[in-house]
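The structure appears below as structure tokens.
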Amino acid sequence: MRQKQYFIPTLRDNPADAEVASHQLMLRAGLIRPLASGLYTYLPLAHKVLAKIQQVIREEMNKARAQEILMPALQPAEIWQETGRWEVYGPELIRLHDRHERPFALGPTHEEVVTGLVRDEIKSYKRLPLTLYQIQTKFRDERRPRFGVLRAREFIMKDAYSFDTSEEGLDASYQAMYQAYQAIFTRLGLTFRAVEADSGAIGGTDTHEFMVLSEVGEDTLVYCTQCDYAANIEKAEVRRQQYEQVKGTEEPMIEVDTPGQSTIERLVEELGIEAKQIVKAIALAADGQAVVALVRGDYELNEVKVKRALGAEQVEFLEEERIRKDLGSEPGYIGPIGLKDVKVIADYSIMGMENAVIGANKRDKHYLHAKLGRDFTVEQFYDLRNITEEDTCPNCEHPVRFAKGIEVGHVFKLGTKYSEAMGAVFLDENGREKPMIMGCYGIGVTRLLAAIIEQHHDQNGIIWPKAVSPFDLHLITVNTKDQDQESVADTLYESLLQAGYDVLYDDRAERAGVKFADADLIGIPLRIIVGNKAKEGLVEVKWRKTGESELIPKEELVDRLPSLLAKN
RNA sequence: CGGGAAGUAGCUCAGCUUGGCAGAGCGCCACGUUCGGGACGUGGAAGUCGCAGGUUCAAAUCCUGUCUUCCCGACCA
């Protein structure tokens, strides 16, 4: 491809509204352009890279015996009503009406469509197991689109669904997908980690997320320094343990003035105590029902664990109005004593607390010297807090560490949730009707594009891993006015194409600096520069990643390319 | 949805405090000089100052409303 007429609108400055490296570079290198918040056009370079990513995914999925299909993005409301998700899904589901005022949705995922399809077509155990997948545009009206294509409202996803006759079958299908994912992310040149994830309140046994390690990741993952344990912090269990609590004398509980001290930090500062002496009380709405959760002041509440402990679908913070009305309390001063009739649950870290500071449910008031059992009680204890780096591995008791990750893939054992709701059943060997056992497996394709850039760039631009580079080679003439250079480059371009290489040929009448800067931005791993040594028959090859270069006789180039490319 | 910031030329931004001809750099077009790391000169094109309303002789500038974008918190590939 001659660059003169190729559409790569590079930018010299970073656009003001891009924050993270991948977003900035995708804009600057001419990969994407925004249309609205969370909506992007993929320009030729990005489109080529996406095609390569999809190719890798297809190869590995097909190898795992999954079969590619393509389902409609536009879906009638009825199938969503069948599974109950029309009500449950919430505002993230984009809903619309056709000309007959019939309700539809733009698919954020395809369990309903694929389950309906398999239900109608497959009746016998003899046709199972079956795994179907598609690569398609998904729609989710995200509450907050962010970081360019990392969290977009319209994005390309590979979604796969497996149907099995037994739990053992599901295990095998799940394993096959898990391994395919490992192969895919490895081939894409990513540093990643598969972690245990939370499966949500309903069903779902095993589930793993594939995290690309990156500082801009929105997820925190916890891994053991000894064994191979790794989990999303939402999921990571905290070992049950004897907490070392601050001891008190047998002083009675007293009420004190704590004006404006509505945070842990302020209380620590003003009262001269430790955070671990404070009972942090958090008011929540679990499926609308007010609940108070207690956790020791030096720990963070984990809402996913609360959700699981209560068996709730949804847990969110209680609004200030309801804290006053439903709890009879005051935001910032919530405590376990004297609350109206609400459920109070607590993390294990509360056990054995004495000499504690608790909110008095009155503005600017706390109690001191509160003792669990004597002054306040708790209905039930659970593991409700986030693990910390001071905690130990739930498997082997060795230290754990944290890392940030971008979730690029998710594998999930669904069980029979959708097959039962939609009547996707088969007849087994004995003629008995049974629900199919399902799994689902997603990969964020456009998110991968950004994640790859996050892990593969430097100050000057992108450095594509070879497997996904938009071109094999970047051929550059230093000076287009120089006849020698131009003719050498032209013939070289032709012979490279002949040899089967996909070449981007910068034939633009730009100065060398401009071309080199653009080449760095675009990030094709191997560069061939035709410059002032061209009249002596020498061309330069240069590796984008290391900046190393080598002069090579032009006749030898095509023959030596395989080894030159392999060097990087 | 709550909290914060910003909307002026394709991009990055100044001008706004104190109302008075719409600006700069880069990019773009033409010509010339240059030519291995974002050159230089001359000339040129380009903006409904986000939108609507108000105040005023006069609004990019002041006031009100509204829309959009980005960042921080509750969800997901």
Side-chain angles (χ1 to χ4, degrees), chain A residues 9-20 23 27-28 30 33-39 57 89-92 108-110 135-160 181 197-198 200 207 209-212 217-219 232 234 282 284-285 301 303-304 306-307 314-320 405-412 440-451 460-461 476-482 485 509-521 527 529-534 540 542 547 549:
Chain A
T10 57
L11 300 173
R12 294 198 178 199
D13 299 310
N14 267 329
D17 52 11
E19 202 74 7
V20 302
H23 190 198
L27 289 163
R28 281 191 62 202
R33 284 295 181 264
L35 175 65
S37 178
L39 302 175
I57 293 174
Y89 215 99
E92 213 165 274
T109 174
H110 278 64
I135 296 176
Q136 192 220 31
T137 300
K138 295 285 186 282
F139 299 85
R140 290 184 192 174
D141 197 358
E142 292 283 348
R143 21 165 58 107
R144 181 145 104 86
R146 227 194 316 197
F147 301 151
V149 304
L150 276 173
R151 179 175 297 285
R153 293 195 292 177
E154 179 179 326
F155 59 97
I156 300 172
M157 175 164 142
K158 186 287 303 179
D159 47 325
Y181 277 32
D198 183 76
T207 171
E209 292 166 340
F210 288 81
M211 299 285 191
V212 167
E218 297 181 83
D219 287 282
N232 192 311
E234 291 177 346
I282 295 141
L284 302 161
L301 185 74
E303 287 157 65
V304 172
V306 173
K307 207 191 285 188
Q314 218 197 352
V315 168
E316 49 197 356
F317 291 113
L318 200 64
E319 301 128 48
E320 296 203 355
I406 301 167
E407 186 190 348
V408 292
H410 197 168
V411 292
F412 202 114
C440 69
Y441 318 92
I443 290 180
V445 177
T446 40
R447 180 178 281 183
L448 266 177
L449 176 61
N460 297 323
I476 296 174
T477 48
V478 170
N479 185 346
T480 45
K481 298 271 168 57
D482 182 322
Q485 291 185 25
E510 292 287 351
R511 291 168 61 86
V514 174
K515 292 184 168 193
F516 291 148
D518 274 348
D520 285 345
L521 250 186
R527 191 177 301 172
I529 302 162
V530 178
N532 49 27
K533 293 268 168 52
E540 181 187 346
K542 184 168 183 175
S549 66

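Numbered from 1 within each chain, the chains take letters A, B, ... in sequence-line order.
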Rounded to whole angstrom, note down the [atom1] distance from [N] over to [M].
N	M	atom1	value
B:C35	B:U17	C1'	48 Å
B:C16	B:G23	P	15 Å
B:A24	B:A9	C1'	11 Å
B:G38	B:C28	P	16 Å
B:G27	B:G47	C1'	15 Å

Would you classify [X] as touching base, sugar-phosphate or nothing, given that sugar-phosphate means primed atoms plus P, OP1 and OP2, and contacts are heavy atoms under 4.0 Å?
X	answer
A:Pro34	nothing
A:Gly444	base
A:Lys481	base
A:Ala152	base
A:Tyr181	nothing
A:Glu142	base
A:Asp482	nothing
A:Asp518	base
A:Gly531	base
A:Val514	base
A:Ala512	sugar-phosphate

Atom-to-atom span, [atom1] of [X] to [atom2] of [N] - whole angstrom:
X	N	atom1	atom2	answer
A:Asp159	B:C76	CG	P	16 Å
A:Leu448	B:A77	CG	C1'	9 Å
A:Arg143	B:C75	CZ	P	6 Å
A:Phe147	B:U69	CZ	P	17 Å
A:Glu234	B:C76	CD	C1'	9 Å
A:Asp520	B:G37	CG	C1'	8 Å
A:Asn479	B:A39	CG	P	14 Å
A:Asn14	B:C26	CG	C1'	14 Å

Donor/acceptor link under 3.5 angstrom from [X] side chain onto base of [N]:
X	N	result
A:Glu540	B:G36	yes
A:Arg144	B:A74	no
A:Arg151	B:C76	yes
A:Arg28	B:G27	no
A:Arg12	B:U12	no

- Message: Which residue is it: A:Thr109, A:Asp159, A:Thr446? I am looking for the one with a side-chain hydrogen bond (donor to acceptor under 3.5 Å, both in side chains) to A:Lys138.
- Response: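 Testing each of A:Thr109, A:Asp159, A:Thr446 against A:Lys138, the sole residue satisfying side-chain hydrogen bond (donor to acceptor under 3.5 Å, both in side chains) is A:Asp159.
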- Query: If you check every side-chain atom of A:Glu19, which of B:U12, B:A77, B:C70 has the closest atom?
  - Reply: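 Nearest to the side-chain atoms of A:Glu19, counting from C-beta on, is B:C70.
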- If you check the A:Asp13 side chain, which of B:A74, B:U12, B:G38 turns out closest?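 Comparing B:A74, B:U12, B:G38 against the side chain of A:Asp13, the answer is B:U12.
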- Minimum heavy-atom distance A:Glu303-A:Val315, with the two atoms named: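 Answer, listing the atom of A:Glu303 first, then A:Val315: OE1-O, 4.2 Å.
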Any carboxylate oxygen within less than 4.0 angstrom of a Lys/Arg side-chain nitrogen, looking at [X] and [Y]?
X	Y	value
A:Arg146	A:Glu218	yes
A:Arg140	A:Glu154	no
A:Asp198	A:Lys307	no
A:Glu142	A:Arg151	yes
A:Asp520	A:Arg527	yes

- Message: Return whichever of A:Ala16 or A:Glu407 has its heavy-atom-nearest nucleotide of RNA chain B closer to the 5' end.
- Response: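 Result: A:Ala16.
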Reckon [X] has a side-chain N or O less than 4.0 Å from the OP1 or OP2 of [N]?
X	N	result
A:Arg511	B:A39	yes
A:Arg146	B:G73	yes
A:Ser37	B:U68	no

Identify the nucleotide, in any strand shown, that forms a Watson-Crick or G-U wobble pair with [N], with both distances under 3.5 Å; if there is none, say none.
N	result
B:A46	none
B:U68	B:A6
B:G20	B:C57
B:C31	B:G41

- Item | A:Phe155 ring over B:A77 six-membered base ring, under 5.5 Å and 30° |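 Ring-base stacking flag set for A:Phe155 and B:A77.
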- Got a donor-acceptor contact below 3.5 angstrom from the A:Gln485 side chain to the A:Asn479 backbone?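 Yes, because the side chain of A:Gln485 sits within donor-acceptor range (under 3.5 Å) of the backbone of A:Asn479.
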